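What follows is one structure encoded as structure tokens, with my remarks underneath.
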Amino acid sequence: MMNEAISQTDKDRLCVNTIRTLTMDAIQKANSGHPGAPMGLAPAGYVLWTQFLKHSPNHTFWPDRDRFVLSGGHASMLLYSLLHLTGYDLSLEDIQSFRQWKSKTPGHPEYSVTPGVETSTGPLGQGFGNAVGMAMAEKFLAAKYNRPDFSIVDHYTYVMCGDGDLMEGISSEAASLAGHLGLSKLICLYDANKISIEGSTDIAFTENVSGRFKAYNWHVQTVEDGNEPTAIAQAIAAAKEETNLPSIIIMNTTIACGSPNKQGCADAHGAPLGEEEVRLTKECLECSLDECFYVPEIVYESCSCKEKGDQRVHDWQALFHEYTQQFPDESKEWELIMSGKLPEDFSDILPDFKDKAGESIATRAASGITLNAVAKVLPTLIGGSADLAPSNKTFINDINEFQKDSYDGRNIRFGVREHAMGAILNGLALHRGIRPYGGTFMVFSDYMRPAIRMAALMELPVIYVFTHDSIAVGEDGPTHQPVEQLAALRAIPGLTVIRPADATETAQAWKVALRKQDGPTALILSRQKLPIINRDIYPSASQLSRGAYVLAETEKNPQAIILATGSEISIAMSAVKSLSEKGIAVRLVSLPSFELLESQARAYIDEILLPHVKPCVVVEAGIPMGWRKFSGSKASFICMNSFGASAPGGILQEYYGFTSENIVDCVIDQLNKFA
Ligand SMILES: Cc1ncc(C[n+]2csc(CCOP(=O)(O)OP(=O)(O)O)c2C)c(N)n1
């Protein structure tokens, strides 16, 4: 009865303030966290989630839900409060366990830990890039699968970000591309509270954000008082009306809004307010002082989105059912792509390069051939390169580009924006329905490393095509010659790194990458031509899936082992021949992937590496870091221990010891050492 007497404005205020009190209480209890941003963003979060966001707390993976990304992940308590209040499977007890071991409310939002969290955020700017990827996924899938009267894909992507996100370069890259592509269903709510950790943003960030986004071709609005729900609602409604450009709503907010002594102060960014200040704030907000984590019943009533969400899902399912009747082929394909599974005939289509045995092609070229073959049976394999498609061989022939007037295109032009490309690939994968890939020169994988790390952390099936993989790049010189990147990529937990030796291994590497549903894969490919191994003579390249296999062996009981990868395999093969002519029995192991090998049973690893055979030579044109676990510490390493140089690749290979003669000498040295 009492509830009916409360005006909408009062209800709104109570809901907004409950987000603030939950935030303060959880952070106080954990004795750590970031209260400022959630308190300032509470009105925007409340308005967006209860009035605009098309979501369903009971159906967290419903394909046509709006996506919401909290790019400033430190503001996680905002998201947890919204999830709890709108009806997700996130209880008050979960909120009370904020930041605790095994809780559903970790310090920063984590994908697959909390229902309703669409991506892991924390490294500033990544979420912004993810959101651009999600909005691209929506445009692509809508263009591909919608039919007149059947808009089965029709949703918005909302991203909330702060000053920190917009200071990071990745947001500039991603926003520039979003503007170019006219991603009109991407709406950014910018928390312009003018505070970051060190104090006022005036000390380092005085640019004209509005002018910047206008220049990117975005629709720009400013909400003068970001504490005013109606003004925010009007701005979101106007952003939705915009059908050509992505939108940013610059909301002038106050960090820790409501706290009498801490609002507007940098102190409130990343530390609990303190018990006394929490009490004073609750007093100012006219909230209950008696109980912590108190949520008035009327707040639950006002915020719950369960019923509305169930209805939306029901309506969508009815529409989709009708779609399956009218468009059986499309709907079958839709089910397949949303499941992430590969079509049954997928393996048959892989090139085997049998008729080319003995010829030479670069593994990057073999990758391009394989990509073009598999693209025929994988309708949502989409991707591109950071302006290096002709070099990376990432273009799918006879298929459109993904552009403003052709969202059904599968060739994405990322521009020279490696970092944003990485985050966008993650967004495409997070959206679901898409198998994304992206390429660049391997040396520039460093430019996208933070996004690769996030892909690995979230176990996203993203594929990286890294070409020009060693000093053999040659004339472009040491700036373009990766040396430490291979080891650095292998250092990322959960990233599968594969460096195939020839075209046949390259096709198999793609197969492994495409089959992998639970993590990213980096394909490490040569610029230079490499001989195609004759698989009628040598063991099948399909053994690549085990990470390592015996490629050549002169006798049953080898005296020494050579471990090599990628372009060094062909050199090692010729060394094996010379050694055998000298009567020395060696085993050459092709070891394209550490991670795949380490996932094998110990017995297999031992069978391949023969731990009792001590003499060992490792040949890889990268730093030797990481190899000792396979080779033993007394092995000989023909690896790189410095940067390369500007000269033709062949000369560099010779200078740095990547020759058959040097391998032979090293094997003989090893035999002497262990004699
Ligand atoms: C890439 C990256 N660099 C640094 C940080 C550490 N950090 C977390 S929040 C923050 C300041 C962010 O300021 P703002 O976006 O204005 O957030 P607010 O102060 O409004 O909460 C920094 C530097 C980070 N999380 N990610």
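Whatever order the structure lists ligands and atoms in, that order sets their numbers, starting from 1. Quick caveat: nothing in here was measured; it's all calculated off a predicted structure.
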Heavy-atom pair of closest approach, residues I195 and A266: CG2-CA, 3.5 Å

Close approach, G122 and ligand 1, non-hydrogen under 4.0 angstrom: yes

Heavy-atom gap G72 to ligand 1 smaller than 4.0 Å: no

Partners passing side chain to side chain donor-acceptor pair (under 3.5 Å) against T21 (at least two apart in sequence or in another chain): none

Heavy-atom neighbours of E283 CD exceed 12 at 6.0 Å: yes

Residue and atom name of the nearest protein heavy atom (relative to atom 19 (O) of ligand 1), distance in Å to one decimal: H269 ND1, 2.7 Å

Closest approach of any protein heavy atom to atom 20 (O) of ligand 1, naming residue and atom: N193 ND2, 2.6 Å

Atoms in ligand 1 flagged as close to G162, the criterion being non-hydrogen separation under 4.0 Å: 15 (O)

Sub-4.0 Å atoms of ligand 1 with respect to non-hydrogen atoms of A37: 21 (O)

Heavy-atom pair with the smallest gap, counting every atom of Y464 and L425: CE2-CD1, 4.0 Å

R99 (side chain) donor-acceptor with S97 (main chain) under 3.5 angstrom: no

Side-chain H-bond candidate by donor/acceptor type, D163 with T201, under 3.5 Å: no

Derivation of the salt bridge (charged side-chain N to carboxylate O under 4.0 Å, His left out) call for R13 and D10: CA-CA 5 Å; R13 192 177 311 127; D10 285 343; 3.2 Å; yes

Identity and distance of the protein heavy atom lying nearest atom 13 (O) of ligand 1: S196 CB, 3.3 Å

Ligand-side contact atoms (ligand 1) for residue partner I195, heavy atom cut-off under 4.0 Å: 14 (P), 16 (O), 18 (P), 19 (O), 20 (O)

Closest protein heavy atom (residue, atom, distance) for atom 23 (C) of ligand 1: I197 CD1, 3.7 Å

Expected output: side-chain S593 to main-chain V497 donor-acceptor under 3.5 Å: yes

Closest protein heavy atom to atom 14 (P) of ligand 1, given as residue, atom name and distance to 0.1 Å: G164 N, 3.5 Å

Part of I255 with heavy atoms under 4.0 Å of ligand 1, whether side chain, backbone, both or neither: side chain

Side-chain donor-acceptor contacts of residues 235-249 below 3.5 Å, not counting sequence neighbours, with atom names and distances?
{"residue": "E242", "atom": "OE2", "partner": "N244", "partner atom": "N", "Å": "2.8"}
{"residue": "E242", "atom": "OE2", "partner": "L245", "partner atom": "N", "Å": "3.0"}
{"residue": "S247", "atom": "OG", "partner": "H219", "partner atom": "ND1", "Å": "2.9"}

Best match, H74, K194, E168, M39: closest heavy atom to atom 21 (O) of ligand 1: H74

Closest protein heavy atom to atom 12 (C) of ligand 1, given as residue, atom name and distance to 0.1 Å: L124 CD1, 3.8 Å

